[in-house]
Every structure is written in structure tokens, then in C-alpha cells.
Amino acid sequence: MGEHDDTVNYPSLRTRAIESLLVEKGILASDAVDRVVSTYEEDIGPLNGARVVARAWSDGEYKTRLLENATGAIAELGISGMQGENMVALENTSEVHNVVVCTLCSCYPWPVLGLPPYWYKSPEYRARVVVEPRAVLEELGLELDDSQELRVWDSSADIRYMVLPERPAGTDDLSEEELTELVTRDSMIGVARAGTS
Amino acid sequence: MGEHDDTVNYPSLRTRAIESLLVEKGILASDAVDRVVSTYEEDIGPLNGARVVARAWSDGEYKTRLLENATGAIAELGISGMQGENMVALENTSEVHNVVVCTLCSCYPWPVLGLPPYWYKSPEYRARVVVEPRAVLEELGLELDDSQELRVWDSSADIRYMVLPERPAGTDDLSEEELTELVTRDSMIGVARAGTS
Amino acid sequence: MARAHDIGGLKGLGRVEMEQDEPVFHSEWERRVFGITMATLGKGLFNIEQFRSGVEEIPIVPYLESSYYERWIATLERNLIRAGVVSEDEIDARTTELSHRPETEVGRREEPEFCEMLLGAIHGGMSPERELDAPKGFEIGDRVVASGTEVLTHTRLPRYVRGKTGVVVRLDKAFVFPESNAAGDGENPEWCYCVRFEAEDVWGPNAENAAPVYVDVWESYLVAA
Amino acid sequence: MARAHDIGGLKGLGRVEMEQDEPVFHSEWERRVFGITMATLGKGLFNIEQFRSGVEEIPIVPYLESSYYERWIATLERNLIRAGVVSEDEIDARTTELSHRPETEVGRREEPEFCEMLLGAIHGGMSPERELDAPKGFEIGDRVVASGTEVLTHTRLPRYVRGKTGVVVRLDKAFVFPESNAAGDGENPEWCYCVRFEAEDVWGPNAENAAPVYVDVWESYLVAA
């Protein structure tokens, strides 16, 4: 999709109509709108989650704390915020693979992953991943072992999930910072492995 | 909607493609197609059902037979056929009003009512009449007494339903043939009273 | 609703629009689709359950947006292709040809005997009733629960009563079981029942303006309450 | 699915399409819709459940066909109108004006204090966790049945587990009950649980390739199995 120049399309006009009316009525703070947007465009994104994962890979005690109390362990790295107040981390292993969805809307752990990508919010992903998860993951390029239990987590209430992906083989010598670069957003949703594009 | 001249639109082209291929392959009988169509355009329609209703209004014993064994009673008038092999008649009274739907597709008692109208097959009718039947009937111009039990019949298996509407007041002197003219298709589905437009 | 068609109770749909003096068909192609369907059903190229199942396979947006007989075209194609009598490529190619030469006449062939047989069936009926030795599992007045087991293929148990409790109000005949026949696994007839479900048992305590719903149900969809 | 959004398990949808190097927003208006929503939520003009409920009120075809932030515009409008701060006519009229004079600048006003408060909430969080004296009704390992009672308004129990049996695998905190808060009837917090449902218990014996599903559920949606 990319960025459109669409100042005269209907959603754009409608949005500007709403914004201008709310400003005139003294209800909307333009600076708040600006700041909220720039926060999610610039400050809060999947790099936060990658730092959590790299730390867990590097520090067994941290990993234990992450799996026991994700919200607290994430906060140790200075990461917290809206839609991440009640976090649970799900560990992928050779026996168990976890994948996260919100079938009812688009619930997603904002502080660690930023705002969700379009496909995560699409009817196709939401409808299909609960009933045919292996097929969906295969389409997305992730083949699981038949022996691996696949678990689908529907974010239907107020817990927000992040997946702790498996640490890729051959990364023993990497620093925590180098490990961070292997951790993709998709691997923390559970639709990809870490260390792959 | 009315009739369209649409020989070049996509459904028309597609239909003609299928028909011409099946004819060439020796699979389709053009005369059968013609005859089936003319049968439902000319021979089989709600007048059949109206005759059944008028007879039931005029002849108490016939009405009893209709309510006990609709298929047999309808056959007494020489009416039978596909999608009417297993009929049930539902009597509307001052206490009970019946309305018929097929939520899953478009099941309908062809021999007595012909092919169903578009609205009967519409998602709007099918989805709504089971959950908000009074609202739907009101929209269609039929107000029921709050004291009347409204029953919705979903044609989900192989029974086909026809409603026996209430005989309008002031029709004691009418002949069976004159009564027939009061019986509309919609009154036999249960979305209108007999004797109204 | 695992499939697009199972929409009983779906919220958000608009008014029911009636057409005054509606014709039986709205165009010549609707006539032909209806006739071709009846004629190919009559030839046994597919059965009614497979025909319905083909409609249900349409994704929900085109399902809700297409016209009734457009859905018939979709399932007719699907079923003819599955029957092996025509391929999608052939239909595509012929459609393109016709779009370039719209004046082309569709060929004709006649089969008077088949024609009489089909008309005989239309006027005489072809009941899905079957003999069944097994005793009926339920009696009038029995409280029953409709199956809550998901069926992802063709089924005739509307989703809005799944898992809900009702009362048997009428005993019907044994009819061909659609799930089995749609799958090509034979007719496997079962006893059928009419079950009355109270509005609050189907739509919950907030149902406004609702009413009891009578649903016709095959025996294997029911267990005693 | 009484409402358009409750689509878990719906068949017939196509491939999941990923976009390479997807930006956070795809256009300026998406940025503004997101920001306006957060700012008006922050002002308390509506709550998150009312916001979600407004999305769910979109009829299914436009729901499935519109883009994500188009759905946000729809619910934002609905909620601002319900809050009484703007009317549909005003929005319509302003939209028309802007379409005639697209170069018009949107006005600005600043509220530094509110801005700091909102950013504080974004970075600090605003948990829907609430104190609750009532004891938890279930323990880990309890077999539970998810409610089969239809809810025609806002609900957070996905339809695909309604009436299905699972096992409690995690005890969560007490959270605001969405059905109540969406209706403006207060927060009425309840204990929450994570329940594991086996694939065959959810999707039936024909589920191919399915997997256990973990669903987070408020206590009043559950009864002991």
C-alpha cells in the first residue's frame, strides 16, 4: 500500500471534517493528536520487543522472570504502556509453537510491538488462523514439525501476548545487541521464526 | 427490478457459455430447459395456494384435512410436485400468527406458491425475521396484536410450509372462487393478511 | 456461521425490500440458469445438497452482494466441473468468445423423453423421504438439545440454534441426510423432527421483540436435554 | 456471529497478504484518525468498549470491505454523536464544504496539560484491572463450558467457543466487564481466566489441521462442566 496522497478522498475529507469541528468546539487538542501519532511512528515499535527477547535469550534468570511475570520483566527494560498493562509471554520451543491473534478486533501488545500490521487486523488472518492455523502459517512461509503442538492464543480479553521465539542455532557468540537484530516483529506474533526475514 | 435487456452482461455471457457447452457435449436438453422455465412462469404459481386456502375457508372438513395432512389435502385439488412433497399448513388465528422463512437458502413450497420472490431469498429477510420478526413484519406493513403469539418457521429440512391466513371479516357471502382472489402470495408466507394488497 | 449462508440472526442488515408485481425471472439469463440447473440436476450430474453446498462455498462478501441467480451460476459451474463434464477453462474461453461475438446463438438439442420425465418429476415430486427401519429416537414433547458440534462443510442445522434447547413438536418422516449426500457418501436417511425453540433460549435475555422459532432437524443433530 | 466482527472460523476468506516494509500509517488521514481517537478516548467522551461496539455495528459487507481505519472513522463518528459533541449533519456539511475547498486548513488548538497527561497514560498504561473482593469461581484445571447464551450487543466471548468445553489454564486479574461498560452500565469487574479448548471440541471431528485455542474469558461467561 505505502503512503497515499489522498487529501480529497472520502475518508480523508471525513476525518478532516471531524477534526476541524472538534477543534472549533474546543474539544480536541491538536498537539495531543500530533504527539500520539509521532509516539507510535517514532518511539514505540517492535524494537522494544526485540530487546526483551534478546535479553531473555542472553539471561536465563531474566527469561524465567519474563515467563512468570511478563509485565514486570518488560518493565525492567523501561518498557510499559497502554495495551501492555497485562502482558503474558509465550515461549516457543521444539515441542510447542505459539501464535497470537485477536479474532474480535485488533488487540495487540503496543508497548513491545507498536501498532499492529495490516494483515494482523485483516478478516483473513482473524477468521482463518483459529481454524486452520497450520495452513495459514505455511502460506506465510512458516512450516512447523507435525510433532510440534501449535497453540493459538486469541486476545479476547485484557491480556496482551508476545511470543518468545526460539533462539536461532549458531548464535552462541552474538552479543545481546546483535541478537536484537534477529528478532522480527513477526517472530514475536508467532508467524515467523527469529533470524529469518 | 423488472426485466433487463442484458445479453452482454457477465452473468448472461457466463450462462450462455455454460448452456452452449453443455448442448455441444450432448448433456443438456434445450427443450427441458424451455419447458421447466415456462412451467414456473405460466403454470405453477400462488393461484394454486389461493385455491387451497379458499377451499379451506369454505369447507371445514377440508380445512381439518389440510391441517392434519397438508400434502394429501393439497393433492385433492390436483396440486403436487417438486418442493411440495411434504407439506405442512400453518393456521393463522387471532391467537397465533405464523411466518415462514428459509434462513439457510430459499426453500419454499413451489407447487402452491411458485418460485419465491426476491425478498424471501434476500439476506435481509433471512437474517432478520428469525431474530426480530415483529420489526420485520411491521416494516412490511403487518402489525400484530401484542397478544398474538408470533411463530417463525425455518424451512431447514424437507418440510415445506404454507400459511393458512385468517379469513377476512365480511366475506361470508363470497363464493370459493371469489375468496381465491383475496388470497395473496404474501399472506401464505405470513408477511401479510389475506384480503390486503 | 462457518459458511457464508448461515446468517439467521446476523445483525446490521437493512430493510427487507419488496418489489411490486415482481416477475418470476428478471432476465433471460435467470430463466436459463434455472432451467439448466433443473435439467442437469434431473440428469443426476449432482444432487441438491451438492448444489446448495456449492452456493455456501461462495465467500461471504460476494455471497451477500451477488444476486440470487448469480449464486446459482457459481454453484452450477462448480458442480458441472466436479462432475467432470466441463472445465473452468472451457467456460472461461467460451465466455470470452461470446463477449466478442454477442450475437452468437446458443445451440439447441432436444431430448423429448428426458423432457417428459423431468416435467413428470416437477409435477409429481421427488420426495427425499426414505424407508427407515430404525425406531424414532424422540417423541413429541421431548426436550432436546441441538448439536453444538461445528460442521465446516454442508450442514442444515442453523447456527443460531446450535447448542440450544427446545421441544419436539412434530414427528416427520425419514429424509436423506444432507451432510452425507453432499459429501457423496450416500443418503443415510434419518428421522426428522420439528423442534420449537423459545425466543429467550435462542437469543438470550436481551432478545427484544423475538418469537419462538420452529426448526426442522435431523435426528443426529439432537440429543435428549 | 450476531455482529459482523465475530468472524473466528468463518470459511471462504482468502490468503493473508503481508505488506513488505509496511509503514505504521498508510496516509495522513489514518494518522489523524488514530490520534483523534486516542485524544477523545483520553477526554472520556467514550470508553474503549463503546469504541469497539461502534465498529461491530457496521453491517458485515462494509465491515469486511472497508479498511481498518475506515472502520475507526465510523465508530469515532458514532461515539462522538452519541456523546453529544457533534451531530451527523454537522459532519456531513463540513465534509461537503471541504470537498469543495480541499485546500482549507484544519484549525488547531493546544492543550499542553492534557497532552502530557495523555502521553503519560500511553507510556504508563491504563489497566482495566480492578479490585474485586469476590473469590475466584474457578481454579486451574477446572473444566468449564463457555456460555451459549446469545448476546446481540457488545460481547467479548467469540462465537466459535460458545457452548464449547475447555480447561482453565491461567488465572488472571479482575478486569472491567466489557458488556456492561459498553452499555454505559458501569464497569462491574469480573475475574478473568485463560481457557484452553481442544481443536476437536471447537471445530468438530472434521477439523483438519486445527490446533488448541486459548481464549481469555470473563467469569460470567463460564459455568463448570
Side-chain angles (χ1 to χ4, degrees), chain B residues 1 3-4 6-8 11-21 23-25 27-33 35-37 39-41 80-82 85-86 103-105 115 117-119 121 123-128 130-136 139-140 150-154 156-159, chain C residues 5 7-10 13-19 22-24 26-27 29 31-33 35-36 38-39 52 64 68 70 73 85-86 90-91 94-95 98-99 102 106-111 114-115 118-119 121-123 125-128 156 158 172 175 192 203 209-216:
Chain B
M1 298 193 231
E3 173 110 5
H4 307 299
D6 55 4
T7 44
V8 295
S12 172
L13 290 170
R14 203 86 189 155
T15 304
R16 292 169 66 213
I18 294 167
E19 181 167 3
S20 63
L21 286 165
V23 165
E24 287 168 25
K25 288 166 187 282
I27 288 162
L28 188 69
S30 313
D31 50 347
V33 177
R35 289 278 303 279
V36 165
V37 168
T39 297
Y40 287 101
E41 283 199 305
S80 67
M82 206 174 274
E85 299 91 347
N86 300 283
T103 62
L104 298 174
C105 51
L115 298 183
Y118 210 91
W119 62 262
K121 306 179 284 193
E124 288 78 10
Y125 182 70
R126 291 162 45 204
R128 292 182 55 211
V130 284
V131 63
E132 44 175 346
R134 278 178 203 267
V136 170
E139 281 178 22
L140 297 178
L150 174 55
R151 298 178 178 174
V152 182
W153 300 77
D154 190 351
S156 51
D158 289 310
I159 301 299
Chain C
H5 69 298
I7 56 175
L10 178 63
L13 293 173
R15 290 177 65 92
V16 179
E17 299 292 347
M18 282 186 174
E19 182 184 350
E22 182 178 343
V24 176
H26 290 83
S27 60
W29 70 262
R31 284 188 187 93
R32 303 312 285 179
V33 169
I36 297 166
M38 297 295 283
R52 289 192 185 123
L64 292 172
Y68 181 70
E70 283 172 342
I73 295 179
V85 297
V86 65
E90 283 178 296
I91 303 175
R94 182 59 56 90
T95 304
L98 288 169
S99 73
V106 171
R108 285 189 66 82
R109 57 183 291 280
E110 311 223 325
E111 284 187 64
F114 170 73
C115 192
L118 184 61
L119 269 290
I122 283 175
H123 287 291
M126 291 205 326
S127 180
R156 293 294 295 185
D172 289 326
F175 293 122
C192 250
W203 308 113
N209 231 341
V213 187
Y214 292 75
V215 181
D216 294 341

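Here the structure is a predicted model, which is why all the values come from computation and not from measurement.
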Legend entry - chain C contact via B/I27 - side chain, backbone, both or neither, heavy atoms under 4.5 Å: both

Inset, instruction - Check C/L118 against B/A32 and note the closest heavy-atom contact, atom names and distance. - result: CD2-CB, 4.0 Å

Legend entry - Residue among C/E110, C/H123, C/R108 with most heavy-atom pairs under 4.5 Å to chain B: C/R108

Inset, instruction - Could you tell me which residues satisfy salt bridge (Lys or Arg N to Asp or Glu O under 4.0 Å) with B/D158, sequence neighbours excluded, listed by chain and number? - result: none

Inset, instruction - Tell me, for C/I122 versus chain B, whether the close heavy atoms (under 4.5 Å) come from the side chain, the backbone, both or neither. - result: both

Legend entry - Contact summary for B/K25 and C/V86, nearest pair of heavy atoms: CE-CG2, 4.1 Å

Inset, instruction - Heavy-atom distances under 4.5 Å only: say whether C/V16 touches chain B with side chain, backbone, both or neither. - result: both

Inset, instruction - Counting only heavy atoms closer than 4.5 Å, note whether B/E24 contacts chain C via side chain, backbone, both or neither. - result: side chain

Inset, instruction - Can you tell which part of B/V130 gets under 4.5 Å to a heavy atom of chain C, answering side chain, backbone, both or neither? - result: both

Inset, instruction - Tell me, for B/L28 versus chain C, whether the close heavy atoms (under 4.5 Å) come from the side chain, the backbone, both or neither. - result: both

Inset, instruction - Indicate yes or no for a side-chain donor-acceptor contact from C/R156 to the backbone of B/S156 under 3.5 Å, with no hydrogens or angles considered. - result: yes

Inset, instruction - Kindly write out the residues that satisfy salt bridge (Lys or Arg N to Asp or Glu O under 4.0 Å) with C/E17, not counting sequence neighbours, or none if the list is empty. - result: none

Legend entry - Residue part contacting chain C, namely of B/S80, when any heavy atom lies under 4.5 Å: both

